[in-house]
K.L.:
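Would you mind keeping the following structure in view while I ask a few things?
Everything numeric in this text was worked out from a predicted model, so none of it was measured.
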Amino acid sequence: MFFMAKEKGKKLIAQNKKAYHDYFIEETFQAGIALCGTEVKSLRQGKCSLKESFIRIENMQAFLYGMHISPYEQGNRFNQDPLRTRKLLLHKSQIRKIAGAIQATGYTVVPLKVYFDKSLVKVDIGIAKGKKLYDKRQTIAKNDQRRQAEKEFKIRNLTL
């Protein structure tokens, strides 16, 4: 699963669609990520998963847990553990803002997508508030209505 992003110079590697389904995303940040050489090569092949990954702030540093990067085939002994904890590269002011939001009740920090920005690997992270079941149903209904309207609009324009 290797996706191309629309923006110039950005190549999407992985996206956490479940985060948009389970949470209201209040604010987003762009963060760098500390990786080893074989991990970058594996990411270039698109072998990454953000499912069930999350972010914690420890000692005023941000860490990404649960992100799976498959081992590089030609990496032999230089390969790292696929689920190892990875450090996120953020400014102190951003870390303080995120830490303050985590302390507020009901907020969490989740990774939204991983992509190449020119030659650097970046992670978009979001401060999120959990959705209730009825919120999820409303979102699904709204998306269905939008899709139906787009479909009708397309049919109307084809017949003209």
Side-chain angles (χ1 to χ4, degrees), residues 1-99 101-102 106-133 135-137 139-140 142-144 146-147 150:
M1 287 189 344
F2 196 81
F3 302 102
M4 293 293 290
K6 301 276 188 224
E7 301 170 49
K8 189 175 182 180
K10 293 188 179 184
K11 244 186 249 187
L12 186 63
I13 300 167
Q15 191 168 10
N16 191 355
K17 293 179 183 177
K18 193 160 177 71
Y20 290 101
H21 182 263
D22 292 340
Y23 301 103
F24 291 114
I25 308 300
E26 307 268 324
E27 191 172 357
T28 61
F29 297 95
Q30 182 186 46
I33 184 168
L35 297 171
C36 297
T38 55
E39 290 176 325
V40 176
K41 290 178 181 184
S42 186
L43 286 174
R44 287 199 187 282
Q45 294 177 346
K47 297 184 177 180
C48 175
S49 174
L50 287 175
K51 288 183 181 175
E52 306 203 8
S53 58
F54 58 96
I55 295 166
R56 280 197 186 142
I57 306 291
E58 299 168 358
N59 299 327
M60 290 308 287
Q61 293 181 349
F63 292 97
L64 177 61
Y65 291 88
M67 180 171 127
H68 186 275
I69 298 177
S70 298
Y72 184 58
E73 287 92 24
Q74 287 82 29
N76 57 42
R77 64 188 174 134
F78 299 109
N79 279 329
Q80 300 288 324
D81 179 32
L83 290 172
R84 76 180 180 92
T85 303
R86 294 169 178 90
K87 184 177 178 182
L88 295 178
L89 308 172
L90 290 161
H91 294 284
K92 281 213 187 278
S93 60
Q94 291 174 323
I95 292 174
R96 279 192 213 106
K97 193 170 193 177
I98 292 169
I102 290 174
Y107 284 96
T108 187
V109 183
V110 292
L112 302 174
K113 61 183 174 180
V114 178
Y115 57 93
F116 281 105
D117 187 4
K118 297 178 184 151
S119 64
L120 303 174
V121 179
K122 299 287 185 175
V123 179
D124 275 358
I125 60 176
I127 297 174
K129 190 171 182 101
K131 284 185 182 179
K132 305 282 188 220
L133 182 62
D135 291 329
K136 292 179 190 177
R137 288 180 184 157
T139 304
I140 291 169
K142 195 184 302 179
N143 287 341
D144 286 343
R146 182 184 48 81
R147 265 190 241 111
E150 287 174 357

K.L.:
Atom NZ of residue position Lys122 - does it have more than 12 heavy atoms of other residues, nucleotides or ligands inside 6.0 Å?
P.N.:
yes
K.L.:
Indicate the atoms forming the closest heavy-atom contact of Val123 with Pro111, along with that distance.
P.N.:
CG1-CB, 4.1 Å
K.L.:
List the atom pairs, with distances to 0.1 Å, where a side-chain N or O of residues 24-37 and a protein N or O form a donor-acceptor pair under 3.5 Å, not counting sequence neighbours.
P.N.:
unit_1, atom_1, unit_2, atom_2, d
Glu27, OE2, Lys97, NZ, 3.0
Gln30, NE2, Tyr115, OH, 2.7

K.L.:
Contact between Glu39 and Arg84 at the side-chain level, heavy atoms closer than 4.5 Å - yes or no?
P.N.:
yes
K.L.:
Nearest 0.5 Å please: distance from the NZ atom of Lys113 over to the SG atom of Cys48.
P.N.:
13.5 Å
K.L.:
Starting from the C-alpha separation in whole Å, work towards a yes-or-no answer on side-chain contact (heavy atoms from CB on, under 4.5 Å) for Leu43 and Phe116.
P.N.:
CA-CA 9 Å; Leu43 286 174; Phe116 281 105; 4.1 Å; yes
K.L.:
Rounded to the nearest 0.5 Å, what separation is found between the CD atom of Gln15 and the CG atom of Leu112?
P.N.:
8.5 Å
K.L.:
Measure the spacing between OG of Ser49 and CG of Asn16 and express it to the nearest 0.5 Å.
P.N.:
8.0 Å
K.L.:
Return the CZ to NZ distance between Phe63 and Lys87, rounded to the nearest 0.5 Å.
P.N.:
6.0 Å
K.L.:
Provide the closest heavy-atom pair for Val110 versus Ala19 in the form atom of the first, atom of the second, distance.
P.N.:
CG2-CB, 4.1 Å
K.L.:
Report all side-chain donor-acceptor pairs from residues 52-61 shorter than 3.5 Å, counting only partners two or more places apart or in another chain.
P.N.:
unit_1, atom_1, unit_2, atom_2, d
Ser53, OG, Leu50, O, 2.6
Glu58, OE1, Tyr65, OH, 3.3
Glu58, OE2, Tyr65, OH, 2.6

K.L.:
How long is the gap from CZ on Arg146 to CG on Asp144, to the nearest 0.5 Å?
P.N.:
9.0 Å
K.L.:
Among Lys51, Lys132, Lys136, exactly one meets salt bridge (Lys or Arg N to Asp or Glu O under 4.0 Å) together with Asp22. Which residue is that?
P.N.:
Lys136
K.L.:
Drop me the distance from Lys10's NZ to Asp117's CG, to the nearest 0.5 angstrom.
P.N.:
5.0 Å
